[in-house]
*Asks:* 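What follows is a single structure, and I will ask about it in a moment.
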Protein chains: 2
Amino acid sequence: MQKTVPHAAGLHRASLKKLHDLDAALELMYYGWRGMTLSADQYLATLGLSRPHHRILYVVARQPDVSIGSLIEILGISKQALNRPLSLLLERKMLTSRRSPEQHRSKLLRLTEAGKRTEQRASDYERKVVSEAFDRVGPRGAAAWMAVMGAIADSN
Amino acid sequence: MQKTVPHAAGLHRASLKKLHDLDAALELMYYGWRGMTLSADQYLATLGLSRPHHRILYVVARQPDVSIGSLIEILGISKQALNRPLSLLLERKMLTSRRSPEQHRSKLLRLTEAGKRTEQRASDYERKVVSEAFDRVGPRGAAAWMAVMGAIADSN
DNA sequence: TTCTAAGGTCAATATAGTTGACTTGAAGAT
DNA sequence: ATCTTCAAGTCAACTATATTGACCTTAGAA
C-alpha cells in the first residue's frame with residue numbers, strides 16, 4: 001500500500017513583503033519548480049517511485065544503451081546513490097540491462113515498454129504544466145522564458 | 001572545519017536527445033533551479049548553513065515578528081523538521097525569539113544584524129544570477145519569464 | 001481549576017545522498 | 001596462462017532533511 005501523499009510543501013505561495021525588486025523572481029523560481037514537478041511526483045508516488053527514479057527513466061529514454069558509468073556522470077550522483085533506484089527499476093522491469101553485443105565490460109540500459117510508459121506519463125505531467133503556461137504568453141514569451149532560464153542555468 | 005563542498009549534481013547540462021518539443025523546457029527548469037541556488041548554497045555552506053536555514057532567514061526577513069506556527073505554515077514543513085535549523089539559527093544568534101509584548105502564547109521571531117547580513121548575502125547571490133539573466137533579455141523578456149513562472153506556480 | 005493552543009522534545013522511520021572498502025567479471029597485456 | 005585494469009556491484013557507516021506519533025510544558029481562557 002502507498003504511504004499518504006507527502007505534504008506538498010509551501011503550496012499556497014505565501015505573500016511575503018518584498019524587500020527587493022527581484023524577490024518576486026526568487027519566489028517564483030521556488031514555486032515554479034514545485035509547481036512543475038508536483039503532479040508528476042504525485043503520479044510517481046502511486047507507483048512507489050519518486051524523483052530519482054524519474055530522472056533515471058528520463059535520461060535512459062533520451063539516451064538508450066547508456067552505460068551505468070555515463071548515467072552516473074549525467075545524473076551527477078555516486079554509483080552507490082544510483083544503485084537503489086536503479087535496482088528497483090530493473091526489478092520492476094522498467095529497465096533492461098545487458099552487456100554490450102561485443103561482450104564489452106559495460107552494461108547498457110534501455111527502457112522496457114512499461115518503463116517507456118511510465119517515463120512518458122510522468123514527463124507528460126510536467127510538459128502539460130509548462131505547455132499551459134506557454135500558451136498564456138505566446139511563442140515570444142515562451143522564447144523569452146527559455147532564454148532567461150538558459151542564462152540562469154549557465155551562470156556558473 | 002567545513003566538509004568538502006558537495007558534488008554539485010549534473011552541473012554540466014548534459015545534452016540529451018529531445019523526445020518532445022518541451023523537453024528542453026523541463027531540463028531548463030531543472031538546471032535553472034540549480035543555477036540560481038548554487039552560489040548561494042556554496043556561500044551558506046561556508047557558514048555551516050544550508051537551504052532550510054536560508055528559507056527561514058528569508059521568510060523572517062520579510063515577515064518580522066512571525067510566530068513559529070506561521071513559519072511552519074509558510075514553509076510547509078512540520079514543527080519537528082523546523083526545530084533543528086531554527087535552533088541552530090537561534091544558537092548562532094542570527095534570530096531572536098521573544099514572547100509577544102502582551103505576554104502572548106506565541107513566540108515572535110526576528111533577525112539579528114548577523115541574521116540580516118547572512119540573509120542578504122545569500123539572497124544577493126540568487127538575485128545576482130537572476131538579474132544578469134534579466135539583463136540579457138530586457139524588461140519585456142523578464143516580464144514574460146515572470147508570467148510563465150507565475151502560471152506554472154499556480155497550476156495546481 | 002480545568003481546558004485549550006502554542007511551543008518544545010523524543011523516538012522511530014523514510015529518503016536521498018555521501019565516502020570508504022571491498023568483490024566480481026570481463027578485457028587486454030605480458 | 002596469469003596478471004592487471006576497469007566497469008560494475010555490494011556492504012557498511014554516516015549525514016541531512018524530512019516525516020508521524022507521542023508526550024510534556026507553558027500560559028491564557030472558560
Side-chain angles (χ1 to χ4, degrees), chain A residues 1-11 30 34 37 41-42 44-45 47-56 60 65-91 95-109, chain B residues 1-11 30 34 37 41 44-45 47-56 65-91 95-109:
Chain A
M1 201 46 222
Q2 284 322 117
K3 223 146 290 148
T4 53
V5 171
H7 195 259
L11 237 181
Y30 179 79
R34 285 246 148 343
T37 55
D41 285 341
Q42 284 170 347
L44 290 162
L47 303 175
L49 302 177
S50 57
R51 200 115 292 274
H53 304 103
H54 186 197
R55 289 208 284 151
I56 294 169
V60 178
D65 285 340
V66 66
S67 73
I68 291 188
S70 305
L71 190 52
I72 284 166
E73 264 187 60
I74 293 168
L75 297 176
I77 60 176
S78 63
K79 68 180 166 173
Q80 296 90 331
L82 179 63
N83 186 49
R84 290 268 189 149
L86 183 63
S87 303
L88 182 65
L89 292 173
L90 287 165
E91 197 183 290
L95 288 179
T96 57
S97 146
R98 57 183 186 109
R99 297 278 168 187
S100 143
E102 312 86 6
Q103 285 309 92
H104 234 359
R105 277 185 278 216
S106 56
K107 285 190 179 176
L108 307 181
L109 301 171
Chain B
M1 199 47 217
Q2 285 321 119
K3 224 144 289 150
T4 54
V5 171
H7 195 256
L11 239 181
Y30 179 79
R34 285 244 148 344
T37 55
D41 284 343
L44 289 162
L47 304 174
L49 303 178
S50 56
R51 199 112 294 274
H53 304 103
H54 186 197
R55 289 208 285 151
I56 294 169
D65 285 341
V66 67
S67 72
I68 291 186
S70 305
L71 191 52
I72 284 167
E73 264 187 60
I74 293 168
L75 297 176
I77 60 175
S78 63
K79 68 180 165 174
Q80 295 91 331
L82 178 63
N83 186 50
R84 290 269 189 146
L86 183 62
S87 303
L88 181 64
L89 293 173
L90 287 165
E91 196 184 289
L95 288 179
T96 57
S97 146
R98 55 184 187 108
R99 298 276 168 186
S100 144
E102 313 86 6
Q103 283 311 92
H104 235 359
R105 276 184 280 215
S106 56
K107 284 190 179 176
L108 308 181
L109 301 171

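Owing to the predicted nature of the structure, the values given are computational and were not obtained by experimental measurement. Any value given below was found using the heavy atoms of this structure, including those in side chains, with hydrogens, waters and symmetry copies removed. Here is the naming used below: chain letters follow the sequence lines, and residue numbers restart at 1 for every chain.
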*Asks:* Which residues pass the side-chain contact (heavy atoms from CB on, under 4.5 Å) test with A:S67, not counting sequence neighbours?
*Replies:*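 A:S70, A:S106.
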*Asks:* May I ask you to verify if any side-chain N or O of A:S78 is less than 4.0 angstrom from the OP1 or OP2 atom of C:dT18?
*Replies:*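 For C:dT18, OP1/OP2 do have a side-chain N/O of A:S78 under 4.0 Å.
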*Asks:* In whole angstrom, what separates A:I56's CD1 from C:dA16's P?
*Replies:*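 Roughly 10 Å, once rounded to whole Å.
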*Asks:* How many Å lie between CZ on A:R98 and P on C:dA26, as a whole number?
*Replies:*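 So the two atoms are 16 Å apart, to the nearest Å.
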*Asks:* Of all the heavy-atom pairs spanning A:L89 and A:H53, show the shortest one and how long it is.
*Replies:*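 Between these two residues, the closest heavy atoms are CD1-O, 3.8 Å.
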*Asks:* Would a 4.5 Å heavy-atom cut-off, applied to side chains only, mark A:N83 and A:L86 as touching?
*Replies:*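 In short, these two side chains do not touch, never coming nearer than 4.5 Å.
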*Asks:* Round to a whole Å and report the spacing from CZ of A:R55 to C1' of C:dT15.
*Replies:*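 These atoms are roughly 13 Å apart.
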*Asks:* Enter the distance from A:L90:CG to A:K107:NZ here, rounded to the nearest 0.5 Å.
*Replies:*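 Rounded to the nearest 0.5 Å, the CG-NZ separation comes to 8.0 Å.
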*Asks:* Using whole Å, report how far CG of A:L82 lies from P of D:dA8.
*Replies:*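 After rounding, the reported distance stands at 10 Å.
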*Asks:* Side-chain contact test, heavy atoms from C-beta onward, threshold under 4.5 Å: evaluate it for B:I56 versus B:L109 and give yes or no.
*Replies:*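 A side-chain contact is absent here, since even the closest heavy-atom pair is not under 4.5 Å.
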*Asks:* Would you mind reading off the distance between A:L44 atom CG and C:dT15 atom C1', rounded to a whole angstrom?
*Replies:*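 Interatomic distance, CG of A:L44 to C1' of C:dT15: 15 Å.
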*Asks:* Going 5' to 3' through nucleotides 6-13 of chain C, assign each nucleotide B (protein heavy atom under 4.0 Å from a base atom), S (under 4.0 Å only from sugar-phosphate atoms) or - (no protein heavy atom that close).
*Replies:* SBBBB---
*Asks:* Between CG of A:L88 and CG of A:L95, what distance do you get to the nearest 0.5 Å?
*Replies:*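 So the CG of A:L88 and the CG of A:L95 are separated by 10.0 Å.
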*Asks:* Rounded to whole Å, how long is the line connecting atom CG of A:L88 with atom P of C:dT15?
*Replies:*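 A:L88 atom CG is separated from C:dT15 atom P by 10 Å.
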*Asks:* Could you give the CD1-to-C1' distance, from A:I77 to D:dA16, as a whole number of Å?
*Replies:*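 Taking atom C1' of D:dA16 as the reference, CD1 of A:I77 is at 16 Å.
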*Asks:* Are A:S50 and C:dT15 close enough that a side-chain N or O sits under 4.0 Å from OP1 or OP2?
*Replies:*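 For C:dT15, OP1/OP2 do not have a side-chain N/O of A:S50 under 4.0 Å.
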*Asks:* Rounded to the Å, how far apart are A:H53 NE2 and C:dT15 C1'?
*Replies:*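 Distance check: A:H53 NE2 to C:dT15 C1' gives 10 Å.
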